[in-house]
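All remarks here apply to the structure that follows.
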Amino acid sequence: MSLDLTTHLIHHPYEPEPGFAAPQPAVHKASTVFFRNTAAMRGADRRRKHVYSYGLHGTPTTFLLEERLAALEGGEHCVLVPSGLAAITLVSLALLAQGDEVLVPDNAYDPNKAFSAETLARWGIGCQLYDPMDPDDLASRIGPRTRLVWLEAPGSVTMEFPDLTALAAVCRARGVPSALDNTWGAGLAFQPFEAGVDLSVHALTKYPSGGGDVLMGSVVTRDAALHARVKAMRASLGLGVGVNDVETVLRSLPSMDLRYRAQDRNARALTDWLARRPEIVQVLHPARPDSPGHAHWQALCGPEGLAAGLFSVVFDARYGTAQVDAFCDALKLFKLGYSWGGPVSLVVPYDIASMRDPAVTDWPHGGVLVRLSLGFEAVADLRADLEQALQVLGSA
Ligand SMILES: *Cc1c(COP(=O)(O)O)cnc(C)c1O
């Protein structure tokens, strides 16, 4: 068959030699995937692992990242989704139906609380908040309609570290699946499935990306039946990830442990210094003995354990919002922005009282809270930046 030039270029016979090997894996981009024959097309069951049927359901590149993330978290199965929040909402949609109820810790990542309490209500799904520092409170709220319990360790703004093993054990004893938002631990600080949770959700946007430039999430589990439900819901919602983003995460993953440790060191160097400042009444970081749940962090992560490069400070109540805003605005190296795990240090001021249900958890502080996330800048430079901004706070 003699072909037109364009046809020839599209159907060119050259196939790259097999056996190419290099540090970074190949990037396979596809919506369409070719089948050998009609039998292969009809037989492609995308519910099975690593079957190629359509780009949305997986390519060699996405399967590779899913396998590496499952290994990172000590799980068996993983699905990728377009953001950390999408990983949270996917789990809730996969496990909940009309008439069910979900339990969420009162200090949880705020968009999870909003989705659980407001969005799910539109489908007739109930939500209760619980006190993550009190496993008995969780136990007392689990009822016949409870089909999912969310966990987070620590709370990502207020940093209380719960007794994760005890909370997971309460869920196991009552036969209710538990899902952990494991973005803070990142699979490095502790092994979520050893703590007894059923599903681990991870905002890959943070440490696995490491650049502040990618949005992605994952859901990892050891349980094949739970994985099948999550994967089926992902397919029915049509959630896929861009392969260029997957490539970026694959490239960043080998350095994640080094980056996590470096930011942990930077954070702890600054917490010691900030804790001695008269403007600050409390530094919230689970490795500090006076931080809520410190003993639980130590028990789970070990006496010399790791922590994410993230902490919060509570300002003395004599400084109002305007003064703390002036402190944040005066910072030069720390930028105002959400997220963490990237190269640039960040701050966010929070009004915690407005984020809590006083009937569920106590928030004992009157002052404004600022969360700091550490980048890779030199500690001495960051300390000098904080020092000059604290002077602005005092004079604002
Ligand atoms: C950032 C974050 C998320 C959401 O991740 P996105 O990719 O930004 O949607 C969820 N949970 C925690 C604890 C986070 O820090």
Side-chain angles (χ1 to χ4, degrees), residues 65 69 73 78-93 102 104-117 119 132 148-162 164 178-190 192 197 199-220 234 237 239-242 245-246 248-249 252-253 256 259-260 263-264 267 284-286 293 297 307-312 336-342 344-348 350 352 355 369-375:
L65 181 57
L69 292 169
E73 302 215 39
C78 174
V79 299
L80 297 174
V81 288
S83 70
L85 182 56
I88 291 170
T89 59
L90 174 66
V91 166
S92 287
L93 292 173
V102 60
V104 182
D106 197 25
N107 63 353
Y109 178 67
D110 221 40
N112 186 7
K113 283 174 77 175
F115 182 77
S116 300
T119 311
L148 174 63
V149 174
W150 277 102
L151 307 165
E152 204 172 310
S156 63
V157 176
T158 44
M159 297 293 176
E160 307 92 335
F161 211 98
L164 188 65
S178 60
L180 170 71
D181 183 334
N182 194 30
T183 304
W184 182 94
L188 299 173
F190 61 89
V197 308
L199 297 134
S200 177
V201 160
H202 193 165
L204 308 177
T205 307
K206 309 290 163 55
Y207 281 105
S209 143
D213 56 352
V214 172
L215 290 155
M216 203 179 296
S218 61
V219 182
V220 171
R234 180 183 67 167
L237 292 173
L239 299 178
V241 292
D245 289 342
V246 174
T248 304
V249 176
S252 297
L253 213 52
M256 182 168 85
R259 291 184 281 106
Y260 194 92
Q263 293 187 343
D264 184 5
L284 297 160
H285 182 297
W297 169 79
L310 194 69
F311 65 91
S312 294
L336 277 162
Y338 296 104
S339 200
W340 24 290
V344 179
S345 294
L346 301 170
V347 292
V348 186
Y350 286 95
I352 298 301
M355 296 162 67
L369 178 146
V370 173
R371 189 182 73 181
L372 296 89
S373 104
L374 274 289

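Just so we're clear, the structure is a prediction, and the values are computed from it rather than from any experiment. As the structure lists them, so they are numbered: ligands from 1, and atoms in each ligand from 1.
Between G84 and ligand 1, a contact under 3.5 Å exists for at least one N or O pair. An N or O contact shorter than 3.5 Å links T205 to ligand 1 by distance. Considering backbone and side-chain N/O of D181, one or more are found under 3.5 Å from N/O of ligand 1. In terms of polar-atom proximity, defined here as any N/O pair under 3.5 Å, A203 makes no such contact with ligand 1.
Of all protein heavy atoms, the one lying nearest to atom 8 (O) of ligand 1 is L215 CD2, 4.0 Å. Remark: minimum distance from atom 9 (O) of ligand 1 to any protein heavy atom is reached at L85 N, 2.8 Å. Closest to atom 1 (C) of ligand 1 among all protein heavy atoms lies K206 NZ, 1.5 Å. Y109 OH, 3.3 Å is the protein heavy atom nearest to atom 4 (C) of ligand 1.
E152 places a side-chain N or O within 3.5 Å of a backbone atom of Y109 that can act as its donor or acceptor partner. Proximity of a side-chain donor or acceptor of K113 to a complementary backbone N or O of M355 within less than 3.5 Å is detected. Side-chain atoms of D264 come within 3.5 Å of backbone N or O of A307 as a donor-acceptor pair.
Classified by interplanar angle (parallel below 30°, tilted 30° to 60°, perpendicular above 60°), the ring pair Y260/W184 is perpendicular.
Side-chain contact check for V81 versus R234: some heavy-atom pair is nearer than 4.5 Å.
Between the side chains of N182 and E73, a donor-acceptor pair is found at a separation under 3.5 Å. No side-chain N or O of S178 forms a donor-acceptor pair with one of W150 less than 3.5 Å apart.
Ligand 1 is approached by W340 to a heavy-atom distance shorter than 4.0 Å.
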